[in-house]
Trainee: 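Pasting a structure here, questions to come.
Order of the sequence lines fixes the chain letters, A, B, ..., with proteins taken first and strands second; residue numbering starts at 1 for each chain.
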Amino acid sequence: MLVDDELIDYLEELSSLLLSKDEKQRLSADLSNILDLFAKIDELDTENVTGRSHPFDNVNALREDEVQASFERELILENAPENDGEMIIAPMAVS
Amino acid sequence: MFDMSALELSQAIKEKKFSVTEVVGGYLDKIEKNSDKFNAFISTCRQEAMSKAIIVQGEIDSGQLTSPLAGVPVGLKDNISTKGVATTCASNMLSGYKPVFDATIVEKLEQAGMIVIGKLNMDEFAMGASSETSFYGAVRNPWDTTRTAGGSSGGSAAAVAAGEVPLTIGSDTGGSIRQPCAFCSVTGIKPTYGSVSRYGLVAFASSLDQMGPVGRDARDCAALLSIISGPDARDSTCIAQKPFEFDAKIPDSVEGLRIGLPSNYFRQGIAPGVKEAVLAAADEYSRLGAQIEEFEMPLVDYMTSVYYIISCAEASSNLAKFDGLKYGYRSEKAASLAEVYRMSRSEGFGLEVKRRIMLGSFVLSSGHFEAFYKKALKARAIISDTYEELFKRFDMLLTPVAPTTAYKIGSNIDDPVKMYIGDIYTVSVNLAGLPAVALPCGFDGDGMPIGFQLVGKAFDDMKLLHAAQVFQKHTDHHTKPALTETEPALGVGREVLP
């Protein structure tokens with residue numbers, strides 16, 4: 001399958017990535033070979049088959065609501081690259 | 001103590017031949033001594049482990065702790081969340097991240113008196129088959145340090161093979177426990193999907209991921225599986241009714257067991273040494289009274305494609321949460337919110353992870369969703385049904401784990417298709433959610449280990465480990481990796497390590 005610059009740019013955007021020129025070049029060759037491998041399933045007859053997204057038919061697990069302690073805020077904030085002691089700081093989204 | 005199995009070690013602790021601190025400290029010393037050789041661990045937690053060792057000793061002495069593995073050190077693949085202890089997934093993206101909770105299996109290990117001594121190296125976010133994509137450098141195979149340990153749980157297998165820890169936990173999404181076990185001559189099981197809670201396992205592909213034990217033999221793995229399995233209210237996909245039961249009696253027979261052998265797995269694309277050793281394992285079962293019957297495995301040509309379409313789709317969705325804001329790596333160059341997302345992810349993720357996220361984005365994108373993702377889900381249903389039919393004829397299947405033995409570090413890393421095709425014998429097991437145990441069965445002409453796998457029906461995990469124990473009772477392939485202090489180097493009749 002042909003993987004051109006336009007497709008790489010589109011996938012980069014969808015994946016929320018910013019690739020270097022080298023990476024783009026390398027990935028476009030790799031993706032082309034891998035998508036050829038993926039396309040092999042086209043040969044399979046799947047007419048009237050229902051897809052399965054999970055190994056087993058799970059029944060939803062329900063339980064009564066219970067009051068439980070949540071995670072400690074201080075610990076969560078310690079992991080955030082930027083915080084003000086109460087909240088996680090992100091760059092302004094709307095100017 | 002380094003020669004003992006995990007079960008023997010726990011017994012020796014209970015009989016006061018060793019203290020828990022001696023055992024834990026001894027293994028930690030060994031890891032530190034070996035760290036440059038194998039790079040199996042990303043981090044160790046000496047302080048926490050030694051404190052826990054004292055507590056566990058007290059509980060063993062007071063008779064509170066009776067688990068068959070009480071006092072035994074254990075290593076965890078670094079995609080398993082440990083409260084307050086760095087969990088990196090071998091990625092720069094999670095540098096500095098310390099989970100605020102323990103995975104369910106960590107709680108279960110602690111309740112059984114096992115002591116976590118460190119976090120194991122792996123392919124970045126478990127994406128890879130050679131543990132070379134790790135941000136912390138490749139894991140080296142203890143049998144030949146110029147070769148890979150397999151992956152993605154390369155650290156979990158190499159650490160056991162090198163005698164750095166008696167037992168480890170790995171995760172298996174498409175063969176990531178079994179293939180490194182085969183490459184390093186140790187035993188491991190990918191349990192039935194839903195038998196071990198995934199709560200706290202950093203998700204790669206949620207419908208395929210499953211954690212399981214890696215150890216020196218099937219008996220240790222059975223004991224550990226009984227500890228980590230069972231239902232969990234925090235994982236709705238954990239469908240186990242109760243934990244698997246460990247049978248303390250050593251099994252001695254496979255008489256009448258119906259084992260299927262897929263002839264087409266041995267016809268092409270398999271290294272001659274691997275073929276010979278795996279077929280010899282089938283002969284051994286036959287000698288022990290099992291009925292071996294050959295059959296043709298359908299759909300082999302499609303399994304890798306189906307697996308990679310589904311796993312990449314799930315990965316691209318699961319890894320969308322890494323945004324550089326809440327935890328882990330954040331780009332210092334980013335100014336706007338959009339730049340924080342895109343630049344942090346681009347600087348944080350390695351190339352293989354980016355490749356799989358982009359492949360996932362492709363198969364889920366409009367215009368390709370039907371032809372790739374939906375078609376793969378249908379193919380998955382056909383593969384599951386095929387296994388169901390096979391298990392009407394057979395109790396289990398015996399197959400190779402990988403087409404080759406461990407290859408040289410760097411030899412396959414630039415050829416993703418070649419790397420992906422190496423998963424041909426393992427991926428369908430995950431697609432169908434089945435259990436499979438991998439165990440050693442010999443060595444090739446270069447002295448590199450070979451493994452085979454037994455694949456069973458859902459929740460027949462202990463039956464597989466039973467059959468594996470019988471094999472190991474009558475063979476000695478698995479006893480070779482048990483290293484001792486005086487015998488640090490492995491290798492079959494040749495110099496491997498400096």
Side-chain angles (χ1 to χ4, degrees), chain A residues 1 3 7-8 10-20 23 26-27 30-31 33-56 58-63 71-82 88-95, chain B residues 96-98 100-101 193-194 207 233 236-237 239 299 301-302 304-306 308-309 316 320 324-330 334-337 339-343 345-346 349 351 354-355 357-359 361-363 365 371-372 374-382 384 416-417 420 431-433 458:
Chain A
M1 179 178 278
V3 176
L7 180 57
I8 288 285
Y10 177 55
L11 295 178
E12 184 188 23
E13 169 95 36
L14 282 180
S15 308
S16 204
L17 292 168
L18 275 176
L19 302 172
S20 68
E23 282 179 319
R26 200 159 154 197
L27 285 169
D30 290 348
L31 260 50
N33 293 334
I34 297 166
L35 292 176
D36 285 342
L37 176 75
F38 284 8
K40 212 171 164 42
I41 63 163
D42 202 33
E43 298 165 10
L44 261 180
D45 179 8
T46 53
E47 191 76 31
N48 301 321
V49 177
T50 307
R52 204 170 293 173
S53 57
H54 202 271
F56 307 117
N58 264 10
V59 178
N60 202 5
L62 300 173
R63 62 163 173 78
F71 295 125
E72 294 164 58
R73 180 155 76 166
E74 292 73 28
L75 293 180
I76 289 173
L77 287 172
E78 273 174 28
N79 272 309
E82 201 181 344
I88 292 166
I89 307 281
M92 196 177 285
V94 183
S95 56
Chain B
Y97 168 60
K98 288 184 179 173
V100 298
F101 63 97
Y193 185 86
S207 80
S236 67
T237 64
I239 51 176
L299 307 164
D301 290 345
Y302 307 103
T304 312
S305 308
V306 174
Y308 275 95
I309 292 170
S316 77
L325 288 176
K326 303 183 289 293
Y327 45 78
Y329 180 80
R330 175 160 169 179
S336 69
L337 186 62
E339 278 179 2
V340 169
Y341 295 156
R342 293 183 73 168
M343 293 173 86
R345 288 165 63 78
S346 302
F349 291 135
L351 189 67
K354 290 177 193 171
R355 189 185 283 136
I357 291 173
M358 290 174 74
L359 285 164
S361 298
F362 177 85
V363 300
S365 65
F372 288 90
K374 284 199 85 174
K375 178 100 179 173
L377 294 185
K378 291 178 180 183
R380 178 182 196 166
I382 299 173
S384 291
V417 171
Y420 296 176
L431 289 167

Trainee: Heavy-atom pairs under 4.5 Å with chain B are the metric here; pick the option from Ala93(A), Ala80(A), Pro81(A), Ala39(A) that has the most.
Mentor: Pro81(A)
Trainee: For Ala379(B), which atoms come within 4.5 Å of any heavy atom of chain A: side chain, backbone, both, or neither?
Mentor: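 Both parts, heavy atoms under 4.5 Å.
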Trainee: I'd like to verify something: which residue of Met358(B), Arg342(B), Arg355(B) has the highest number of heavy-atom pairs under 4.5 Å with chain A?
Mentor: Arg342(B)
Trainee: Quick one: CG on Leu325(B) to CD on Glu82(A), what's the gap to the nearest 0.5 Å?
Mentor: 9.5 Å
Trainee: Determine the option with the most heavy-atom pairs under 4.5 angstrom with chain A, choosing from Met343(B), Arg380(B), Lys354(B).
Mentor: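 Ranked by heavy-atom pairs under 4.5 Å with chain A, first place is Arg380(B).
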Trainee: Pick one of side chain, backbone, both or neither for Leu7(A), based on which atoms fall under 4.5 Å of a heavy atom in chain B.
Mentor: side chain
Trainee: Output the distance between atom CZ (Arg52(A)) and atom NZ (Lys378(B)), rounded to the nearest 0.5 Å.
Mentor: 13.5 Å
Trainee: Name the member of Asp30(A), Ile88(A), Leu75(A) that forms the most heavy-atom pairs with chain B at distances under 4.5 Å.
Mentor: Asp30(A)
Trainee: Give, as side chain, backbone, both or neither, the part of Ala335(B) having an atom under 4.5 angstrom from any heavy atom of chain A.
Mentor: backbone
Trainee: Looking only at side-chain N and O atoms, does Ser361(B) offer a donor or acceptor that is under 3.5 Å from a partner on Ser15(A)?
Mentor: yes
Trainee: Against chain B, work out which of Leu19(A), Leu35(A), Asp36(A) has the most heavy-atom pairs shorter than 4.5 Å and name it.
Mentor: Leu35(A)
Trainee: Looking at Lys374(B), I'd like to know if its NZ atom is crowded, meaning that more than 12 non-hydrogen atoms belonging to other residues, nucleotides or ligands lie closer than 6.0 Å.
Mentor: no
Trainee: Give, as side chain, backbone, both or neither, the part of Phe71(A) having an atom under 4.5 angstrom from any heavy atom of chain B.
Mentor: side chain
Trainee: Flag the one option from Leu37(A), Leu14(A), Asp42(A), Ile41(A) with the top tally of heavy-atom pairs under 4.5 Å to chain B.
Mentor: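 Sorted descending by pairs with chain B, the first entry is Ile41(A).
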Trainee: Give, as side chain, backbone, both or neither, the part of Ser236(B) having an atom under 4.5 angstrom from any heavy atom of chain A.
Mentor: both
Trainee: Kindly compute the distance separating CG (Leu359(B)) from CZ (Phe372(B)), expressed to the nearest 0.5 Å.
Mentor: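 Result: 10.0 Å between the selected atoms.
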Trainee: Looking at NE2 of His54(A) and CG of Leu431(B), how far apart are the two atoms once the value is rounded to the nearest 0.5 Å?
Mentor: 12.5 Å
Trainee: To the nearest 0.5 angstrom, please state how far the OG atom of Ser207(B) sits from the CZ atom of Phe56(A).
Mentor: 11.0 Å
Trainee: Would you call the rings of Tyr327(B) and Tyr97(B) parallel, tilted or perpendicular if under 30° counts as parallel and over 60° as perpendicular?
Mentor: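 Rings of Tyr327(B) and Tyr97(B): tilted, as their planes differ by 30° to 60°.
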Trainee: Flag the one option from Ala90(A), Pro91(A), Ser20(A) with the top tally of heavy-atom pairs under 4.5 Å to chain B.
Mentor: Pro91(A)
Trainee: Could you look at Ile309(B) and say if it's the side chain, the backbone, both or neither that has a heavy atom under 4.5 Å from chain A?
Mentor: both
Trainee: Which one, Glu23(A), Glu78(A), Glu72(A), leads in non-hydrogen pairs under 4.5 Å with chain B?
Mentor: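 Counting heavy-atom pairs under 4.5 Å, the top option is Glu23(A).
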Trainee: Do Lys375(B) and Thr46(A) have side-chain atoms, one donor and one acceptor, less than 3.5 Å apart?
Mentor: yes
Trainee: Give, for atom OH of Tyr420(B) and atom CZ of Phe38(A), the distance between the pair rounded to the nearest 0.5 Å.
Mentor: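 Spacing of OH (Tyr420(B)) from CZ (Phe38(A)) equals 7.0 Å.
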Trainee: Below 4.5 Å from any heavy atom of chain A, which atoms of Val340(B) appear? Answer side chain, backbone, both or neither.
Mentor: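 Answer is side chain: those atoms of Val340(B) sit under 4.5 Å from chain A.
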